[in-house]
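Convention: sequence-line order gives letters A, B, ...; per-chain numbering from 1.
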Amino acid sequence: MAEYNHKKIEKKWREAWEKSGLYKISDTLKGPKSYVLDMFPYPSGDGLHVGHPKGYFASDIYSRFKRMNGFAVLHPMGWDAFGLPAENFAIKNKLHPRVAVKKNIARFKEQLSLLGFNYDWDREINTTNPEYYRWTQWIFLKLFERGLAYESHEPINWCPSCKTGLANEDLEGGKCERCGSIVEKRPLRQWVLRITDYADRLLQDLEGLNWPASIKESQRNWIGRSEGAEIDFTIKGTDFKIKVFTTRADTLFGATYVALAPEHELVKALRPEINNWKKAAEYIEVSRNKPEIERTAADKEKTGVKLQGVKAINPANGEELPIFIADYVLAHYGTGAVMAVPAHDERDWVFAKKFKLPIKQVICQFYPEPKCPVLEDAYIGDGKLVSSGKFNGMDAEKAKKSITEFVGGKTTVKYKLRDWVFSRQRYWGEPIPLIHCEKCGVVAVPESDLPVKLPEVKFYEPMGTGESPLANIAEWVNVKCPKCSGKGKRETNTMPQWAGSSWYYLRYIDPQNGKELVDKKKEKYWSPVDVYVGGAEHATRHLIYARFWHKFLYDLGVVDHPEPFSRLQNVGLITAKDGKKMSKRYGNVVNPDDIVEAYGADTLRVYEMFMGPFDQTVAWSSESIIGARRFLEKAWRAQNNLIDSQSGGNMEKLSHQTIKKVSEDIEGFRFNTAISQLMIFTNAMDEQEELSRGVYELFIKILAPFAPHMAEEIWEQLGHKTSIHSEKWPEYNPELVKEEVYELVIQINGKVRDKAEVDADLGEDGLREFALKQPRIKELLEGKDPKKVIVVRGRLVNIVI
RNA sequence: GGGCUAGUGGCGGAAUUGGUAUACGCGCAACACUUAAAAUGUUGUCCGCUUUGCGGAUGUGGGUUCGACUCCCACCUGGCCCACCA
């Protein structure tokens with residue numbers, strides 16, 4: 001037998017598989033199916049580092065395992081190539097984005113091809129391909145038709161460096177997620193998607209998903225549902241009313257002022273009544289120009305201006321309250337106005353202290369004690385009402401409803417989730433398929449005219465004017481109105497990076513379909529994605545956007561299931577040895593090409609899966625990888641001792657145990673322990689003088705998903721003419737997994753005092769008797785009677801004295 | 001500030017979910033093979049002691065239990081996410 005030559009073997013099979021089309025998917029649409037999907041990458045210019053393929057290895061192993069178990073498997077790959085990262089790379093390298101993307105994809109594909117994936121490349125998609133984005137545009141048109149896409153002029157987040165508006169989700173602590181610049185507020189004409197219409201369904205349907213609890217929790221927090229009440233405060237001497245939103249209607253009697261967001265429309269309306277308008281106007285101006293991060297920093301000192309000359313009336317007790325404008329009140333949440341209860345809200349407490357406003361306690365923890373302890377801080381806990389008129393003594397929770405009713409308020413639900421700012425003032429994105437007509441207003445591009453192709457341009461750098469570079473191309477912009485044939489101009493904003501990835505998993509099902517988004521029958525069969533593998537950083541963007549669009553498509557009748565991804569598996573990062581992110585910037589990048597060259601793709605696959613729990617962050621170690629290589633070499637060498645036999649011999653029990661363990665671990669994405677079991681098996685094979693061919697073949701089959709090249713080579717050397725990857729996954733016999741004898745642990749007072757081999761079918765009584773009979777135990781008991789004897793079958797006997 | 005998550009040998013980690021703590025791998029040490037090295041193999045490798053045995057140890061301190069890495073309470077330390085959401 002030749003040495004294990006990974007270079008020769010891997011090259012040989014890479015070429016052979018491609019030629020034979022081993023991984024092509026047949027659309028028979030019958031039998032059990034498994035749709036196994038990776039979050040597709042955006043092809044960055046830096047190429048892959050060893051962290052990137054970790055998730056792809058897992059989905060590759062899983063999909064091979066499923067195929068060997070008789071499933072029809074859909075396991076495709078594609079490119080998310082529109083958007084800021086690709087465009088910024090292009091600008092930096094002075095390449096047209098189209099050229100840069102093409103180049104980067106080629107590089108990515110080349111690197112991936114070395115790693116032994118079983119993708120069906122016939123299904124490859126690319127979000128920047130017009131035949132793809134025609135359907136992205138089509139979905140937008142449907143959203144527009146149904147009133148779920150609307151034009152807005154509200155101030156939004158603006159990145160001065162990327163020169164584009166951004167969605168709420170694109171910020172990281174008030175900074176641009178892409179370039180780290182401090183984001184400004186800027187009023188901008190933009191297109192916005194009404195994702196908030198789906199807030200409740202997005203929340204509700206999380207229940208049924210087999211997703212990590214932490215991701216579900218992030219989504220819940222992001223959607224941020226809170227039940228509360230809207231209550232009107234009349235402004236004294238006017239017809240104006242301030243509508244506030246509160247989750248604590250029970251504290252209404254404790255309100256000592258009312259605060260409005262500086263942007264609140266009422267402020268302008270009240271101008272004639274306000275005596276200190278100059279000061280107020282100054283404050284409004286300052287807060288408008290303040291970057292959001294400064295305004296909302298949690299430890300920031302609270303500011304505000306009291307509006308002189310106006311008073312709000314507390315509807316509960318008729319008290320007159322001062323009105324403030326304060327930028328800690330957010331214009332876009334609730335009603336943009338709050339009733340302030342310093343005694344029972346931390347923010348109001350701080351504000352009241354600063355402005356020397358009264359603090360009135362209305363919830364008491366110790367009711368009916370006559371005197372509540374004096375508050376030293378806002379009390380936000382439970383209790384009963386005091387100083388609240390006829391509601392005194394009522395439970396706070398109950399009072400929420402009663403007081404709301406008493407003042408004619410309305411119970412309502414608010415969400416933190418904001419509508420999705422969907423336009424970017426950048427070149428490299430899907431054109432929004434709308435036309436602005438002088439007469440008809442905004443008109444949809446007819447479906448038959450899709451796709452609206454992104455035109456070729458010389459200058460594609462962002463302009464910073466609030467328009468995309470497309471606005472410069474007169475011959476593209478100026479069109480006839482599809483309705484009246486009058487003068488029209490194309491919408492020049494483009495879609496955000498997240499558009500194409502919000503539905504791509506559907507396109508894989510039917511990538512060549514020119515007539516509709518997806519064939520209904522095929523969709524019904526393949527959807528939903530059975531296992532979706534990707535990083536946890538997508539919890540609140542991609543995974544919310546995709547669920548939103550999917551639900552919309554479900555409402556349209558395009559898809560058959562309300563949720564796109566049944567099961568989600570998070571892949572943990574691989575960091576550099578120093579624990580830092582792998583990045584060109586730190587110079588700590590390990591290139592998979594080098595590892596493949598030195599050890600082979602199979603070793604890399606085994607190593608990355610063995611490093612630790614799949615969803616956990618682990619540090620790369622160039623030292624430990626040798627263990628994976630040694631394991632494969634040992635598995636390879638086991639061929640030396642083969643004898644022509646199908647019998648399991650003394651390996652039979654371990655074989656069945658190993659099949660069980662490896663199968664269950666792959667299903668559960670516990671690849672580290674699966675490999676550990678394969679190592680145990682290999683070590684046992686190594687000890688055999690003569691190894692039955694049947695046992696070895698069985699081992700090679702369960703090794704195949706992990707080390708596909710080596711397994712295929714061995715399989716061929718064993719004389720097989722067909723691929724091991726089309727073999728049937730071995731089954732185990734549950735009877736043979738069980739041990740006939742095991743080592744019983746005998747404890748005295750919980751401490752191990754003796755061990756002895758016992759028959760597996762020995763019952764409780766037998767075990768007790770057996771344990772007490774052991775000479776060593778007898779000696780230690782010194783004839784005393786045990787107080788208690790606990791017997792755990794299959795494990796231990798614990799004698800308590 | 002809130003939420004989530006983790007803390008086990010020199011290192012990565014395992015432990016059937018309350019039942020022998022440290023599987024598997026890396027590293028290290030000794031030995032074998034070799035002129036030598038690499039590779040490979042064998043043995044050993046949590047700590048301590050008066051070493052056929054005994055005691056201690058899963059971030060710290062307490063609790064529940066016959067029995068706790070696992071459950072409960074408090075605290076310490078890291079990582080991730082959200083962050084004035086009324």
Side-chain angles (χ1 to χ4, degrees), chain A residues 172-174 212-218 220-222 224-226 228-229 244-248 251 259 293 295-300 302 326-330 332-341 344-348 350-351 380 414-418 536-537 539-540 572-573 575 579 606-607 610-613 615-628 630-631 633-634 637 661 664 670 672-683 686 742-755 786-801:
Chain A
E172 257 173 23
S214 58
I215 301 286
K216 289 198 201 178
E217 194 55 24
S218 302
R220 276 186 210 111
N221 291 339
W222 191 264
R225 183 181 199 271
S226 39
V244 306
F245 173 70
T246 179
T247 55
R248 295 297 305 270
T251 63
I293 186 165
R295 226 178 113 166
T296 61
D299 49 356
K300 194 210 72 162
K302 299 220 176 333
D327 67 7
Y328 82 90
V329 181
L330 304 173
H332 51 70
Y333 181 75
T335 59
V338 300
M339 62 177 219
V341 185
H344 305 293
D345 182 283
E346 282 169 21
R347 294 150 300 183
D348 299 345
V350 174
F351 192 86
I380 51 175
K414 299 282 180 196
Y415 300 93
K416 280 197 237 178
L417 183 71
R418 287 197 244 170
E537 68 274 16
T540 49
L573 272 182
T575 66
V606 168
Y607 175 58
F610 183 63
M611 286 172 89
D615 57 359
Q616 222 167 273
T617 301
V618 270
W620 178 262
S621 161
S622 299
E623 275 178 351
S624 305
I625 191 171
I626 190 69
R630 283 186 196 143
F631 156 65
E633 281 177 2
K634 206 182 264 187
R637 273 200 314 266
K661 174 87 178 137
E664 289 171 358
R670 294 181 297 268
N672 55 334
T673 49
I675 290 168
S676 157
Q677 184 66 33
L678 289 171
M679 285 172 168
I680 291 169
F681 194 84
T682 307
N683 291 342
D686 198 51
Y742 63 93
E743 195 176 51
L744 179 76
V745 168
I746 306 168
Q747 300 179 327
I748 294 179
N749 287 342
K751 293 204 188 291
V752 181
R753 286 295 179 251
D754 202 6
K755 296 176 186 179
K787 251 196 232 159
K788 201 173 170 186
V789 179
I790 286 122
V791 180
V792 183
R793 268 195 80 179
R795 301 255 164 245
L796 52 76
V797 173
N798 187 14
I799 301 160
V800 187
I801 50 172

Test item: A:Tyr607 side-chain N/O and A:Ser621 main-chain N/O as donor-acceptor pair under 3.5 Å: yes
Phosphate OP1/OP2 of B:U40 contacted by A:Arg630 side-chain N/O (<4.0 Å): yes
Whole angstrom value for the distance that separates P of B:A15 from CD of A:Glu664: 13 Å
Flag for A:His344-A:Arg248: side-chain donor and acceptor within less than 3.5 Å: no
Watson-Crick or G-U counterpart of B:C75, or none if no pair lies under 3.5 Å: B:G59
Watson-Crick or G-U counterpart of B:U65, or none if no pair lies under 3.5 Å: none
Side-chain N,O (A:Lys755) to OP1/OP2 (B:U20) below 4.0 Å: no
B:C4 phosphate, OP1 or OP2, under 4.0 Å from A:Ser218 side-chain N/O: no
Presence of A:Asn683 side-chain N/O under 4.0 Å of B:G25 phosphate oxygens OP1/OP2: yes
A:Arg220 vs B:C81: side-chain N/O to OP1/OP2 distance below 4.0 Å: no
Distance, rounded to the nearest Å, where A:Asn798 contributes CG and B:C66 contributes P: 10 Å
Identity of whatever pairs with B:C26 - Watson-Crick or G-U, under 3.5 angstrom: B:G10
Short side-chain N/O contact from A:Arg637 to OP1 or OP2 of B:A39, under 4.0 Å: no
Same-atom distance (C1') from B:U20 to B:G27, integer angstrom: 27 Å
Identified pairing partner of B:G41, criterion: Watson-Crick or G-U wobble below 3.5 Å: B:C31
Candidate list A:Ile799, A:Ile748, A:Val745, A:Asn798, test side chain to side chain contact (heavy atoms under 4.5 Å, CB included), partner A:Arg753, passing option: A:Ile748
Complement of B:A21, any strand, by Watson-Crick or G-U distances under 3.5 angstrom: none
Options B:U20, B:A14, B:C26, nucleotide nearest the side-chain atoms of A:Asn672: B:A14
Atom C1', compared across B:U8 and B:C46: separation rounded to whole Å: 10 Å
